Amino acid sequence: MIIDAHVHLPEKNEQRRYEQSKAQLLTDMQQAGVDHAILIPDNVSPSSIGDLPTCLELVKDTPQLFLMGTIDIQTQGDAWIAYLDGLIAQRRIVAIKIFPGHDPIYPTDPRLAPVYAMCQARKVPMVIHTGCNTNHPEVAQYNDPKHIVQVARQYPEMKIVIAHYFFPEVDYCYATTRPYPNIFFDTSGLADAEVIAATGAERIRSVLLKTLQDDPKKIIFGTDYAMCTFQEHMALISHLSITEAVRQDIFWRNAVELFKLTVI
Ligand SMILES: [Zn+2]
């Protein structure tokens with residue numbers, strides 16, 4: 001079984017409505033052999049990849065798809081947090097994602113405290129976007145792992161998933177986060193040509209292997225589809241020299257445990 005813990009809808013345009021984007025996602029999953037995926041909506045509205053209410057409608061009656069809640073703490077306050085809390089209680093979202101770097105906010109922003117408290121109390125993982133944006137390298141200051149470990153220390157029961165391994169500074173990210181058993185990583189973007197060009201394929205493989213050696217539960221398969229391909233990311237994991245049991249952990253078991261997914 002393969003579970004992709006990090007996908008977005010293909011962008012909607014004049015020719016493609018949200019329903020068609022969803023159909024494209026499901027077709028591409030089937031072709032690649034991806035059984036389930038966790039869809040991540042945008043945290044701005046409206047969005048070409050769908051906001052949370054749009055994606056909630058789309059994943060209804062679609063057992064292949066799970067959903068994350070998203071928040072922009074600059075514009076969405078208590079009412080939105082209460083909305084997310086209700087969705088968690090109904091198991092309609094399986095995690096919360098924030099986008100420091102896309103948004104000019106730090107993970108340590110005090111406005112995020114009630115969101116973290118909710119994740120910790122509800123036992124729902126917090127996914128954090130990291131890494132440099134090719135056109136705007138300065139945004140990486142917002143999602144530097146040195147801020148994320150402060151949150152990990154403050155909320156030791158909350159599981160944090162770092163997306164994109166703070167590329168290209170993957171070794172720094174590994175060293176900074178290593179002491180924290182509540183920090184995990186998804187592999188989204190790490191097989192993308194631009195990310196490889198900036199980071200180096202060997203550095204990516206070696207940091208993944210080091211992380212797995214510390215704890216094989218720490219790496220979760222994710223792709224950043226539709227910006228990236230399922231196939232390239234599956235090849236990255238398939239070619240790692242690890243045991244078959246650890247490969248299965250990465251491809252699905254870790255996601256099932258971390259996000260408490262019901263899969264058949
Ligand atoms: Zn993404």
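None of the values given here were measured: they were computed from a predicted structure. Atom set for the values below is all heavy atoms of this structure, side chains included, hydrogens, waters and symmetry mates excluded.
With sequence neighbours excluded, no residue forms a salt bridge (Lys or Arg N to Asp or Glu O under 4.0 Å) with Arg17. Lys123 pairs by the salt bridge (Lys or Arg N to Asp or Glu O under 4.0 Å) definition with nothing, not counting sequence neighbours. Looking at residues two or more places apart in sequence or on another chain, you find no ring-ring contact (aromatic ring centres under 6.0 Å, His included) involving His233. Partners of Asp42 by salt bridge (Lys or Arg N to Asp or Glu O under 4.0 Å), not counting sequence neighbours: none found. In this view, Arg91 satisfies the salt bridge (Lys or Arg N to Asp or Glu O under 4.0 Å) rule with no residue, not counting sequence neighbours.
One finds the CE atom of Met126 at 5.5 Å from the OH atom of Tyr116 (value rounded to the nearest 0.5 Å). Summarising the geometry, atom OH belonging to Tyr142 is positioned 14.0 Å from atom CD1 belonging to Ile98; distances are rounded to the nearest 0.5 Å.
In this structure, Asn182 contributes its side chain and Met158 its backbone to a donor-acceptor pair below 3.5 Å. Between the side chain of His8 and the main chain of Ile40, a donor-acceptor pair closer than 3.5 Å is present. With hydrogens and angles disregarded, a donor-acceptor distance shorter than 3.5 Å links the side chain of Asp192 to the backbone of Glu194. No donor-acceptor distance shorter than 3.5 angstrom exists from the side chain of Ser188 to the backbone of Gly222, with no hydrogens or angles considered. Remark: side-chain polar atoms of Thr62 are not paired, donor with acceptor, to backbone N or O of Gln64 under 3.5 angstrom.
A continuous path of ILVMFWY side-chain contacts below 4.5 Å connects Val263 to Leu67, so both sit in one hydrophobic cluster.
Among pairs with a residue in residues 30-41, none fulfils salt bridge (Lys or Arg N to Asp or Glu O under 4.0 Å), at least two apart in sequence or across chains.
Residues Ile220 and Ile250 are not in side-chain contact: their nearest non-hydrogen atoms beyond the backbone lie 4.5 Å or more apart. No side-chain heavy atom of Thr262 sits less than 4.5 Å from a side-chain heavy atom of Val256.
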Quiz prompt | Residue pair Leu65, Met29: steps toward the side-chain contact (heavy atoms from CB on, under 4.5 Å) verdict | solution = CA-CA 10 Å; Leu65 298 178; Met29 281 170 63; 3.9 Å; yes
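Using a 30° and 60° split on the angle between ring planes, Phe221 and Phe251 fall in the perpendicular class, above 60°.
Electrostatic pairing of Arg111 and Asp109 counts as a salt bridge here, judged by a charged N lying under 4.0 Å from a carboxylate O.
A side-chain contact (heavy atoms from CB on, under 4.5 Å) with Thr177 is found for one member of Ile148, Ile183, Thr211 and no other, namely Ile183.
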